[in-house]
Enquirer: 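Mind having a look at this structure? Questions to follow.
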Amino acid sequence: MSELFEPLLRSYDEKRRAELVAAYMAVEHAAEPVPEVRFPALREPALRRTVEEMLALSGRTLVRTAVKGGSPRWTSAYRDDVAEALAADPACVPPPDERAVLTLILIHSVAIPRATGLLPDDSWLSPYPTPLEELRRRSQLPIGELEAALRRLRLAGLVSQVKAGPDEQGGFVPGPQFHRLTEAARRRLQEELILAAGPGSPLAATIRARRHSRARAASQQAAAQQSGAQQSGGAEPTHQGENE
Amino acid sequence: MSAPVPAPVPSSAPSSVPAEVLARARARLLGAHSIAVSDPAPPGLVTASDGSRVWLLSPWPDGATPAVLEEYDIAPMPLDRPGQARRVLAAALRCCWPRLDEAPWPGERVPVGDVLEVYARMSRGDPELARRWATGELRRLHDTGWLLLDEEAATVRPGPRIALWPEDSLGSLRDLIRRLPRPPEPLPRVDEQAAPADERREPDVPHEPQEQGGPVEDAGE
(Lines give C-alpha, C1' and ligand atoms only; values in the text may rest on other atoms or scores of the structure.)
Protein backbone atom coordinates (compact mmCIF):
# COMPACT_ATOMS: atom_id res chain seq x y z
CA MET A 1 0.00 0.00 0.00
CA SER A 2 2.96 2.32 0.52
CA GLU A 3 5.02 1.66 -2.63
CA LEU A 4 4.49 5.28 -3.54
CA PHE A 5 6.37 6.44 -0.44
CA GLU A 6 8.93 3.66 -0.33
CA PRO A 7 11.70 5.47 -2.23
CA LEU A 8 11.46 8.35 0.24
CA LEU A 9 11.16 6.25 3.40
CA ARG A 10 13.55 3.44 2.56
CA SER A 11 16.66 5.00 3.98
CA TYR A 12 15.21 5.72 7.43
CA ASP A 13 15.27 3.43 10.45
CA GLU A 14 12.01 2.21 11.89
CA LYS A 15 11.67 4.96 14.47
CA ARG A 16 12.32 7.80 12.03
CA ARG A 17 10.05 6.17 9.50
CA ALA A 18 7.20 6.01 12.02
CA GLU A 19 7.79 9.67 12.90
CA LEU A 20 7.62 10.65 9.25
CA VAL A 21 4.41 8.70 8.71
CA ALA A 22 2.83 10.20 11.84
CA ALA A 23 3.71 13.74 10.76
CA TYR A 24 2.39 13.08 7.26
CA MET A 25 -0.91 11.69 8.53
CA ALA A 26 -1.22 14.51 11.06
CA VAL A 27 -0.82 17.36 8.60
CA GLU A 28 -3.07 15.65 6.07
CA HIS A 29 -5.88 14.59 8.38
CA ALA A 30 -5.98 16.84 11.44
CA ALA A 31 -8.75 19.41 11.59
CA GLU A 32 -6.32 22.14 12.57
CA PRO A 33 -2.63 22.86 12.05
CA VAL A 34 -0.59 20.62 14.36
CA PRO A 35 2.09 21.90 16.74
CA GLU A 36 5.63 21.37 15.55
CA VAL A 37 6.83 20.40 19.04
CA ARG A 38 4.67 17.30 19.07
CA PHE A 39 6.12 15.81 15.88
CA PRO A 40 9.86 15.18 15.57
CA ALA A 41 9.50 14.95 11.80
CA LEU A 42 8.13 18.50 11.71
CA ARG A 43 10.70 19.82 14.19
CA GLU A 44 13.81 18.66 12.38
CA PRO A 45 14.34 20.43 9.06
CA ALA A 46 15.81 17.39 7.27
CA LEU A 47 12.87 15.18 8.24
CA ARG A 48 10.46 17.97 7.48
CA ARG A 49 11.83 18.09 3.97
CA THR A 50 11.02 14.42 3.59
CA VAL A 51 7.47 15.03 4.82
CA GLU A 52 7.25 17.76 2.24
CA GLU A 53 8.46 15.36 -0.45
CA MET A 54 5.89 12.76 0.63
CA LEU A 55 3.18 15.38 0.28
CA ALA A 56 4.54 16.56 -3.07
CA LEU A 57 3.90 13.10 -4.53
CA SER A 58 0.20 13.99 -4.47
CA GLY A 59 0.59 17.66 -5.28
CA ARG A 60 0.55 18.78 -1.66
CA THR A 61 2.87 20.95 0.36
CA LEU A 62 3.50 21.94 3.97
CA VAL A 63 2.01 25.18 5.21
CA ARG A 64 3.33 26.86 8.32
CA THR A 65 0.63 28.81 10.09
CA ALA A 66 0.93 32.10 11.91
CA VAL A 67 2.59 31.90 15.28
CA LYS A 68 0.70 33.60 18.05
CA GLY A 69 3.37 33.65 20.70
CA GLY A 70 3.52 29.86 20.60
CA SER A 71 5.43 27.25 18.69
CA PRO A 72 4.92 27.02 14.94
CA ARG A 73 2.17 24.82 13.59
CA TRP A 74 1.95 22.95 10.33
CA THR A 75 -0.74 21.76 8.02
CA SER A 76 -0.87 20.72 4.37
CA ALA A 77 -2.39 22.23 1.26
CA TYR A 78 -2.34 21.82 -2.49
CA ARG A 79 0.72 23.36 -4.06
CA ASP A 80 -0.10 26.53 -5.93
CA ASP A 81 0.78 25.13 -9.34
CA VAL A 82 -1.32 22.02 -8.65
CA ALA A 83 -4.25 24.05 -7.34
CA GLU A 84 -4.14 26.11 -10.50
CA ALA A 85 -4.15 23.00 -12.71
CA LEU A 86 -6.99 21.43 -10.71
CA ALA A 87 -9.04 24.62 -10.92
CA ALA A 88 -8.79 24.40 -14.71
CA ASP A 89 -10.41 20.95 -14.60
CA PRO A 90 -14.22 21.30 -14.58
CA ALA A 91 -14.67 18.02 -12.69
CA CYS A 92 -12.59 19.40 -9.82
CA VAL A 93 -14.46 22.64 -9.38
CA PRO A 94 -17.53 22.70 -7.10
CA PRO A 95 -20.80 23.49 -8.87
CA PRO A 96 -21.99 27.13 -9.01
CA ASP A 97 -24.56 26.80 -6.21
CA GLU A 98 -21.90 25.59 -3.77
CA ARG A 99 -19.53 28.34 -4.79
CA ALA A 100 -22.29 30.92 -4.46
CA VAL A 101 -23.19 29.74 -0.96
CA LEU A 102 -19.53 29.68 0.11
CA THR A 103 -19.00 33.18 -1.28
CA LEU A 104 -22.00 34.49 0.65
CA ILE A 105 -20.62 32.96 3.83
CA LEU A 106 -17.20 34.50 3.22
CA ILE A 107 -18.74 37.91 2.58
CA HIS A 108 -21.01 37.77 5.59
CA SER A 109 -18.72 36.04 8.07
CA VAL A 110 -15.34 37.41 6.98
CA ALA A 111 -15.47 40.41 4.64
CA ILE A 112 -18.04 42.43 6.57
CA PRO A 113 -16.54 41.81 10.06
CA ARG A 114 -13.09 42.53 8.59
CA ALA A 115 -14.24 45.79 7.05
CA THR A 116 -15.59 46.92 10.41
CA GLY A 117 -12.40 45.96 12.21
CA LEU A 118 -13.90 42.98 14.07
CA LEU A 119 -11.66 40.44 12.36
CA PRO A 120 -7.91 40.63 11.70
CA ASP A 121 -6.90 41.04 8.09
CA ASP A 122 -5.38 37.64 7.61
CA SER A 123 -7.96 35.40 9.24
CA TRP A 124 -10.28 33.26 7.18
CA LEU A 125 -11.91 31.73 10.21
CA SER A 126 -14.67 33.68 11.81
CA PRO A 127 -16.86 33.60 14.92
CA TYR A 128 -19.60 35.48 13.05
CA PRO A 129 -22.02 32.98 11.55
CA THR A 130 -24.06 33.67 8.44
CA PRO A 131 -27.69 32.83 9.27
CA LEU A 132 -29.47 30.28 7.08
CA GLU A 133 -32.15 32.88 6.36
CA GLU A 134 -29.52 35.25 4.97
CA LEU A 135 -28.21 32.51 2.71
CA ARG A 136 -31.69 31.68 1.58
CA ARG A 137 -32.56 35.26 0.76
CA ARG A 138 -29.30 36.20 -0.94
CA SER A 139 -28.63 33.00 -2.83
CA GLN A 140 -32.20 32.73 -4.12
CA LEU A 141 -31.73 28.97 -4.14
CA PRO A 142 -34.67 26.71 -3.32
CA ILE A 143 -34.25 25.46 0.24
CA GLY A 144 -33.61 21.88 -0.87
CA GLU A 145 -30.73 22.92 -3.11
CA LEU A 146 -29.35 25.29 -0.50
CA GLU A 147 -29.36 22.54 2.11
CA ALA A 148 -27.72 20.08 -0.28
CA ALA A 149 -25.02 22.65 -1.08
CA LEU A 150 -24.45 23.26 2.64
CA ARG A 151 -24.26 19.53 3.30
CA ARG A 152 -21.54 19.09 0.69
CA LEU A 153 -19.65 22.18 1.81
CA ARG A 154 -19.71 20.94 5.40
CA LEU A 155 -18.55 17.48 4.40
CA ALA A 156 -15.67 19.04 2.50
CA GLY A 157 -14.73 21.03 5.61
CA LEU A 158 -15.29 24.29 3.74
CA VAL A 159 -18.13 25.34 6.01
CA SER A 160 -18.89 24.69 9.68
CA GLN A 161 -22.24 24.98 11.35
CA VAL A 162 -22.60 27.06 14.49
CA LYS A 163 -25.48 26.15 16.76
CA ALA A 164 -27.65 28.97 18.02
CA GLY A 165 -26.98 29.96 21.63
CA PRO A 166 -29.27 31.76 24.08
CA ASP A 167 -28.14 35.16 22.80
CA GLU A 168 -26.60 34.27 19.48
CA GLN A 169 -27.99 33.37 16.16
CA GLY A 170 -26.78 30.12 14.66
CA GLY A 171 -25.55 29.77 11.12
CA PHE A 172 -22.52 28.92 9.04
CA VAL A 173 -18.88 30.01 9.13
CA PRO A 174 -15.87 29.13 6.98
CA GLY A 175 -14.69 25.62 7.85
CA PRO A 176 -11.36 24.10 8.84
CA GLN A 177 -10.16 23.85 5.22
CA PHE A 178 -9.45 27.57 5.43
CA HIS A 179 -6.39 26.70 7.51
CA ARG A 180 -5.07 24.99 4.42
CA LEU A 181 -4.08 27.97 2.35
CA THR A 182 -0.63 28.76 1.05
CA GLU A 183 0.52 32.38 1.07
CA ALA A 184 -0.38 32.73 -2.59
CA ALA A 185 -3.79 31.12 -2.04
CA ARG A 186 -4.55 33.52 0.82
CA ARG A 187 -3.63 36.43 -1.38
CA ARG A 188 -5.77 35.16 -4.24
CA LEU A 189 -8.73 34.54 -1.96
CA GLN A 190 -8.40 38.02 -0.51
CA GLU A 191 -8.50 39.44 -4.02
CA GLU A 192 -11.49 37.28 -4.96
CA LEU A 193 -13.33 38.50 -1.90
CA ILE A 194 -12.71 42.13 -2.88
CA LEU A 195 -13.91 41.39 -6.41
CA ALA A 196 -17.04 39.69 -5.04
CA ALA A 197 -17.88 42.18 -2.31
CA GLY A 198 -16.96 45.41 -4.10
CA PRO A 199 -16.67 44.77 -7.83
CA GLY A 200 -16.96 48.47 -8.59
CA SER A 201 -14.39 49.62 -6.02
CA PRO A 202 -11.03 51.15 -7.02
CA LEU A 203 -9.30 48.24 -5.27
CA ALA A 204 -11.16 45.78 -7.51
CA ALA A 205 -10.08 47.76 -10.59
CA THR A 206 -6.46 47.57 -9.44
CA ILE A 207 -6.72 43.81 -8.94
CA ARG A 208 -8.22 43.33 -12.39
CA ALA A 209 -5.50 45.44 -14.00
CA ARG A 210 -2.75 43.57 -12.15
CA ARG A 211 -4.19 40.20 -13.14
CA HIS A 212 -4.52 41.29 -16.71
CA SER A 213 -0.86 42.28 -16.96
CA ARG A 214 0.23 39.15 -15.08
CA ALA A 215 -1.76 36.92 -17.44
CA ARG A 216 -0.19 38.66 -20.41
CA ALA A 217 3.30 38.19 -18.99
CA ALA A 218 2.56 34.52 -18.28
CA SER A 219 1.33 33.84 -21.80
CA GLN A 220 4.41 35.53 -23.24
CA GLN A 221 6.61 33.43 -20.97
CA ALA A 222 4.74 30.25 -21.94
CA ALA A 223 5.20 31.06 -25.61
CA ALA A 224 8.91 31.65 -25.05
CA GLN A 225 9.21 28.35 -23.12
CA GLN A 226 7.35 26.47 -25.79
CA SER A 227 9.66 27.66 -28.52
CA GLY A 228 12.61 26.84 -26.23
CA ALA A 229 11.27 23.34 -25.55
CA GLN A 230 10.76 22.70 -29.22
CA GLN A 231 14.38 23.55 -29.80
CA SER A 232 15.67 21.34 -26.98
CA GLY A 233 13.27 18.45 -27.67
CA GLY A 234 11.32 18.70 -24.38
CA ALA A 235 12.43 18.48 -20.79
CA GLU A 236 12.33 15.49 -18.47
CA PRO A 237 9.45 15.95 -16.03
CA THR A 238 10.79 16.21 -12.50
CA HIS A 239 9.48 17.37 -9.16
CA GLN A 240 8.83 21.03 -8.92
CA GLY A 241 10.99 23.18 -6.72
CA GLU A 242 9.98 23.26 -3.10
CA ASN A 243 7.76 26.01 -1.90
CA GLU A 244 9.20 28.15 0.80
CA MET B 1 -18.52 13.30 -5.10
CA SER B 2 -18.77 9.79 -6.42
CA ALA B 3 -20.99 10.77 -9.30
CA PRO B 4 -19.55 9.87 -12.69
CA VAL B 5 -16.54 12.02 -13.26
CA PRO B 6 -15.17 12.89 -16.66
CA ALA B 7 -11.90 11.38 -17.78
CA PRO B 8 -8.70 12.60 -16.15
CA VAL B 9 -7.31 16.02 -16.82
CA PRO B 10 -6.36 16.48 -20.43
CA SER B 11 -2.62 16.35 -20.80
CA SER B 12 -2.79 19.69 -22.53
CA ALA B 13 -3.58 21.38 -19.20
CA PRO B 14 -1.46 24.51 -19.05
CA SER B 15 0.69 23.23 -16.24
CA SER B 16 4.21 22.14 -15.50
CA VAL B 17 3.00 19.65 -12.87
CA PRO B 18 4.04 16.07 -13.68
CA ALA B 19 1.01 14.17 -14.97
CA GLU B 20 1.14 11.43 -12.31
CA VAL B 21 1.34 14.02 -9.52
CA LEU B 22 -1.64 15.86 -10.95
CA ALA B 23 -3.56 12.58 -11.32
CA ARG B 24 -2.97 11.76 -7.65
CA ALA B 25 -3.94 15.28 -6.59
CA ARG B 26 -7.08 14.96 -8.67
CA ALA B 27 -7.96 11.60 -7.12
CA ARG B 28 -7.47 13.06 -3.66
CA LEU B 29 -9.66 16.04 -4.45
CA LEU B 30 -12.46 13.98 -5.99
CA GLY B 31 -12.57 11.58 -3.06
CA ALA B 32 -13.33 8.02 -4.03
CA HIS B 33 -14.21 8.45 -7.69
CA SER B 34 -14.33 5.64 -10.18
CA ILE B 35 -13.12 4.92 -13.69
CA ALA B 36 -13.96 2.06 -16.03
CA VAL B 37 -12.00 -1.14 -15.48
CA SER B 38 -10.59 -0.73 -18.97
CA ASP B 39 -9.13 2.73 -18.19
CA PRO B 40 -5.56 2.82 -16.87
CA ALA B 41 -5.32 3.82 -13.21
CA PRO B 42 -2.74 6.52 -12.47
CA PRO B 43 0.35 5.08 -10.77
CA GLY B 44 0.74 5.35 -7.01
CA LEU B 45 -2.94 5.20 -6.12
CA VAL B 46 -4.75 2.48 -4.24
CA THR B 47 -7.51 0.92 -6.30
CA ALA B 48 -10.65 -0.99 -5.41
CA SER B 49 -12.52 -2.77 -8.18
CA ASP B 50 -15.92 -4.43 -8.22
CA GLY B 51 -15.27 -5.97 -11.63
CA SER B 52 -16.77 -3.20 -13.74
CA ARG B 53 -15.47 0.00 -12.15
CA VAL B 54 -12.24 0.85 -10.42
CA TRP B 55 -12.25 3.35 -7.57
CA LEU B 56 -9.15 5.45 -7.04
CA LEU B 57 -8.06 6.24 -3.51
CA SER B 58 -5.13 8.09 -2.04
CA PRO B 59 -2.56 5.77 -0.47
CA TRP B 60 -1.49 6.04 3.15
CA PRO B 61 2.13 5.30 4.01
CA ASP B 62 2.97 2.08 5.84
CA GLY B 63 -0.68 1.13 6.29
CA ALA B 64 -1.23 4.04 8.68
CA THR B 65 -4.76 5.34 9.05
CA PRO B 66 -6.01 8.66 10.39
CA ALA B 67 -6.49 6.78 13.68
CA VAL B 68 -2.82 7.63 14.28
CA LEU B 69 -4.09 11.08 15.28
CA GLU B 70 -5.58 9.58 18.43
CA GLU B 71 -2.12 8.59 19.63
CA TYR B 72 -1.15 12.24 19.46
CA ASP B 73 -4.42 13.47 20.90
CA ILE B 74 -5.07 15.52 17.77
CA ALA B 75 -8.61 16.12 16.55
CA PRO B 76 -9.45 14.75 13.09
CA MET B 77 -11.66 16.58 10.63
CA PRO B 78 -14.96 17.03 12.44
CA LEU B 79 -18.05 15.04 11.57
CA ASP B 80 -21.45 16.36 12.52
CA ARG B 81 -22.74 13.25 14.25
CA PRO B 82 -19.91 10.74 14.26
CA GLY B 83 -21.73 8.23 16.49
CA GLN B 84 -24.77 8.21 14.28
CA ALA B 85 -22.65 7.98 11.13
CA ARG B 86 -20.87 4.93 12.55
CA ARG B 87 -24.13 3.25 13.56
CA VAL B 88 -25.69 3.82 10.14
CA LEU B 89 -22.57 2.45 8.49
CA ALA B 90 -22.78 -0.57 10.78
CA ALA B 91 -26.47 -1.05 9.91
CA ALA B 92 -25.59 -0.87 6.21
CA LEU B 93 -22.82 -3.43 6.66
CA ARG B 94 -25.24 -5.70 8.50
CA CYS B 95 -27.26 -5.82 5.29
CA CYS B 96 -24.57 -5.51 2.62
CA TRP B 97 -22.10 -7.95 4.15
CA PRO B 98 -24.15 -11.13 4.53
CA ARG B 99 -21.24 -13.55 4.38
CA LEU B 100 -19.12 -12.34 7.21
CA ASP B 101 -16.32 -14.80 6.63
CA GLU B 102 -15.64 -13.08 3.31
CA ALA B 103 -14.35 -9.55 2.76
CA PRO B 104 -16.90 -6.73 3.11
CA TRP B 105 -15.99 -5.37 -0.33
CA PRO B 106 -17.61 -5.41 -2.84
CA GLY B 107 -20.47 -6.86 -0.77
CA GLU B 108 -24.12 -6.94 -1.78
CA ARG B 109 -26.44 -4.30 -3.14
CA VAL B 110 -29.45 -4.14 -0.80
CA PRO B 111 -32.63 -2.07 -0.54
CA VAL B 112 -32.15 1.14 1.44
CA GLY B 113 -35.26 0.18 3.39
CA ASP B 114 -33.45 -2.83 4.86
CA VAL B 115 -30.71 -0.61 6.22
CA LEU B 116 -33.19 1.91 7.63
CA GLU B 117 -35.07 -0.92 9.30
CA VAL B 118 -31.94 -2.35 10.92
CA TYR B 119 -30.95 1.12 12.06
CA ALA B 120 -34.42 1.78 13.48
CA ARG B 121 -34.22 -1.48 15.44
CA MET B 122 -30.78 -0.51 16.75
CA SER B 123 -32.04 2.86 17.95
CA ARG B 124 -34.13 3.90 20.88
CA GLY B 125 -37.04 6.27 20.36
CA ASP B 126 -39.25 6.98 17.39
CA PRO B 127 -38.40 4.52 14.60
CA GLU B 128 -39.74 6.88 11.93
CA LEU B 129 -37.42 9.62 13.13
CA ALA B 130 -34.52 7.16 13.22
CA ARG B 131 -35.19 6.24 9.59
CA ARG B 132 -35.18 9.89 8.61
CA TRP B 133 -31.89 10.56 10.40
CA ALA B 134 -30.38 7.49 8.81
CA THR B 135 -31.47 8.59 5.33
CA GLY B 136 -29.44 11.80 5.67
CA GLU B 137 -26.52 9.85 7.07
CA LEU B 138 -26.57 7.44 4.12
CA ARG B 139 -26.16 10.42 1.79
CA ARG B 140 -23.19 11.67 3.78
CA LEU B 141 -21.62 8.21 3.83
CA HIS B 142 -22.11 8.08 0.08
CA ASP B 143 -20.52 11.49 -0.42
CA THR B 144 -17.46 10.34 1.52
CA GLY B 145 -17.05 6.99 -0.26
CA TRP B 146 -17.99 4.73 2.66
CA LEU B 147 -21.14 3.55 0.91
CA LEU B 148 -22.46 3.64 -2.63
CA LEU B 149 -26.02 4.88 -2.51
CA ASP B 150 -28.26 4.73 -5.55
CA GLU B 151 -31.14 7.02 -4.66
CA GLU B 152 -33.05 6.29 -7.87
CA ALA B 153 -33.07 2.56 -7.26
CA ALA B 154 -33.18 3.01 -3.46
CA THR B 155 -30.31 0.61 -3.00
CA VAL B 156 -27.04 0.79 -1.14
CA ARG B 157 -23.82 -1.21 -1.13
CA PRO B 158 -20.40 -0.91 0.49
CA GLY B 159 -18.23 1.97 -0.68
CA PRO B 160 -14.68 1.70 -1.94
CA ARG B 161 -13.14 3.00 1.28
CA ILE B 162 -14.25 -0.24 2.89
CA ALA B 163 -12.02 -2.10 0.45
CA LEU B 164 -9.03 -0.53 2.20
CA TRP B 165 -9.74 -2.14 5.56
CA PRO B 166 -6.96 -4.65 6.15
CA GLU B 167 -8.17 -8.18 6.77
CA ASP B 168 -6.50 -8.41 10.17
CA SER B 169 -8.50 -5.42 11.42
CA LEU B 170 -11.88 -6.98 10.64
CA GLY B 171 -12.18 -9.40 13.56
CA SER B 172 -13.89 -7.11 16.05
CA LEU B 173 -16.00 -5.57 13.31
CA ARG B 174 -17.33 -9.01 12.37
CA ASP B 175 -18.24 -9.65 16.01
CA LEU B 176 -20.02 -6.33 16.20
CA ILE B 177 -21.96 -6.80 12.96
CA ARG B 178 -23.07 -10.26 14.08
CA ARG B 179 -24.67 -8.77 17.18
CA LEU B 180 -26.78 -6.23 15.26
CA PRO B 181 -30.46 -6.79 14.45
CA ARG B 182 -31.01 -8.77 11.28
CA PRO B 183 -32.35 -7.21 8.10
CA PRO B 184 -36.16 -7.41 7.81
CA GLU B 185 -36.26 -10.27 5.32
CA PRO B 186 -35.24 -13.40 7.16
CA LEU B 187 -31.61 -14.20 6.56
CA PRO B 188 -31.05 -17.58 4.96
CA ARG B 189 -29.90 -20.61 6.86
CA VAL B 190 -26.18 -21.13 6.70
CA ASP B 191 -26.36 -23.80 4.01
CA GLU B 192 -28.30 -21.48 1.68
CA GLN B 193 -26.14 -18.46 2.11
CA ALA B 194 -25.14 -18.02 -1.50
CA ALA B 195 -28.68 -17.81 -2.85
CA PRO B 196 -30.79 -15.31 -0.94
CA ALA B 197 -29.51 -11.96 -2.13
CA ASP B 198 -29.85 -13.01 -5.73
CA GLU B 199 -33.27 -14.53 -5.17
CA ARG B 200 -34.40 -11.39 -3.48
CA ARG B 201 -33.16 -9.15 -6.22
CA GLU B 202 -33.79 -10.99 -9.39
CA PRO B 203 -37.56 -11.43 -9.50
CA ASP B 204 -38.14 -7.78 -8.58
CA VAL B 205 -35.40 -6.06 -10.50
CA PRO B 206 -34.37 -8.10 -13.49
CA HIS B 207 -31.79 -5.82 -15.10
CA GLU B 208 -31.94 -2.15 -14.34
CA PRO B 209 -32.59 -1.55 -10.66
CA GLN B 210 -34.95 1.32 -11.37
CA GLU B 211 -37.89 0.58 -9.10
CA GLN B 212 -38.34 3.74 -7.16
CA GLY B 213 -39.20 3.49 -3.52
CA GLY B 214 -40.42 -0.10 -3.66
CA PRO B 215 -37.85 -1.57 -1.36
CA VAL B 216 -38.18 1.33 1.05
CA GLU B 217 -41.92 0.86 1.34
CA ASP B 218 -41.53 -2.86 1.83
CA ALA B 219 -39.07 -2.32 4.60
CA GLY B 220 -41.19 0.29 6.26
CA GLU B 221 -43.75 -2.31 7.31
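For the numbers below, each heavy atom of this structure counts, side chains included, while hydrogens, waters and symmetry mates do not. Below, read A as the first sequence line, B as the second, and so on, with proteins coming before strands; counting in each chain starts at 1.
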Enquirer: In terms of heavy-atom pairs under 4.5 Å, which option from A:A30, A:S160, A:P94 contacts chain B the most?
Expert: A:A30

Enquirer: Is B:E71 salt-bridged to A:R38, cutoff N-O under 4.0 Å?
Expert: no

Enquirer: State, with a plain yes or no, whether a side-chain heavy atom of B:P61 is found less than 4.5 Å away from one of A:M25.
Expert: yes

Enquirer: Could you tell me which portion of A:P35 (side chain, backbone, both or neither) has an atom closer than 4.5 angstrom to a non-hydrogen atom of chain B?
Expert: side chain

Enquirer: Between A:V21 and B:V68, is any pair of side-chain heavy atoms under 4.5 Å apart?
Expert: no

Enquirer: Under 6.0 Å from the CD atom of B:E102, do we count more than 12 heavy atoms belonging to anything else shown?
Expert: yes

Enquirer: Taking the side chain as everything from C-beta on, heavy atoms only, tell me whether A:R151 gets closer than 4.5 Å to B:D143.
Expert: yes

Enquirer: Below 4.5 Å from any heavy atom of chain A, which atoms of B:T65 appear? Answer side chain, backbone, both or neither.
Expert: backbone

Enquirer: Quick one: does B:R26's side chain have a donor or acceptor within less than 3.5 Å of a partner on A:C92's backbone?
Expert: no

Enquirer: Is there side-chain contact between A:H29 and B:I74, with at least one heavy-atom pair below 4.5 Å?
Expert: no

Enquirer: Using modelled atom types only, decide if a donor and an acceptor are shared between the side chain of B:Y72 and the backbone of A:V34 within a distance under 3.5 Å.
Expert: no

Enquirer: Distance check, rounded to the nearest 0.5 Å: B:S58 atom OG versus A:L57 atom CG?
Expert: 11.5 Å

Enquirer: Using a 4.5 Å cut-off on heavy atoms from C-beta on, say whether the side chain of B:L29 contacts that of A:Y78.
Expert: yes

Enquirer: Top residue by heavy-atom pair count (under 4.5 Å) with chain B, among A:R154, A:E28, A:Q161, A:R60?
Expert: A:R60

